[in-house]
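One structure is given below, encoded as structure tokens.
Here the structure is a predicted model, which is why all the values come from computation and not from measurement. Residue numbers count from 1 along this sequence.
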Amino acid sequence: MPDPKPARSMWAQLGAYSGLATILPACTVAGYALGYWADSHFHSGKLWQVVGVIVGVIAGMVELIKVAARD
């Protein structure tokens, strides 16, 4: 049975995997930023910053797993 996925060039693979290094930090920073905004808007201490970081890390891990499972 032939492989249904065609072989990708080295440059295509490099482009696809170079984004993996930024997914988790970007999601974490975005979660922190949203939490920081919510804390300053609602005057709730650091509650939403912590929640934002946790949600950001989870979202980043889910995205990493989805990309890794796709290939």
Side-chain angles (χ1 to χ4, degrees):
M1 173 179 276
D3 187 18
K5 293 183 187 177
R8 296 189 323 188
S9 72
M10 178 189 72
W11 292 109
Q13 290 177 352
L14 180 66
Y17 290 124
S18 65
L20 291 178
T22 60
I23 289 174
L24 186 58
C27 289
T28 304
V29 169
Y32 174 78
L34 288 172
Y36 182 83
W37 174 83
D39 282 337
S40 65
H41 186 72
F42 298 118
H43 306 289
S44 57
K46 297 199 181 282
L47 170 71
W48 292 112
Q49 289 176 18
V50 173
V51 170
V53 167
I54 292 170
V55 170
V57 168
I58 291 171
M61 292 300 293
V62 167
E63 188 63 28
L64 281 173
I65 291 168
K66 285 171 48 178
V67 170
R70 182 177 55 207
D71 293 333

Nearest-0.5 Å distance, OH of residue Tyr32 to CH2 of residue Trp48: 16.0 Å

Does Ile23 reach the side chain of Leu20, with side-chain heavy atoms less than 4.5 Å apart? yes

Group every Ile, Leu, Val, Met, Phe, Trp and Tyr by side-chain heavy-atom contacts under 4.5 Å, then state whether Met61 and Val67 land in the same group. yes

Do Val53 and Leu64 sit in the same hydrophobic cluster, where Ile, Leu, Val, Met, Phe, Trp and Tyr count as joined when their side-chain heavy atoms come under 4.5 Å apart? yes

Reported NZ-to-CD distance for the pair Lys66 and Glu63, which is rounded to 0.5 angstrom: 5.0 Å

What distance do Ile58 atom CD1 and Thr28 atom OG1 have between them, rounded to the nearest 0.5 Å? 10.5 Å

All heavy atoms of Cys27 vs all of Ala59, minimum pair found to be SG-C, 4.3 Å

Which heavy atom in Asp39 sits nearest to a heavy atom in Ser44, and how many Å separate them? OD1-OG, 2.7 Å

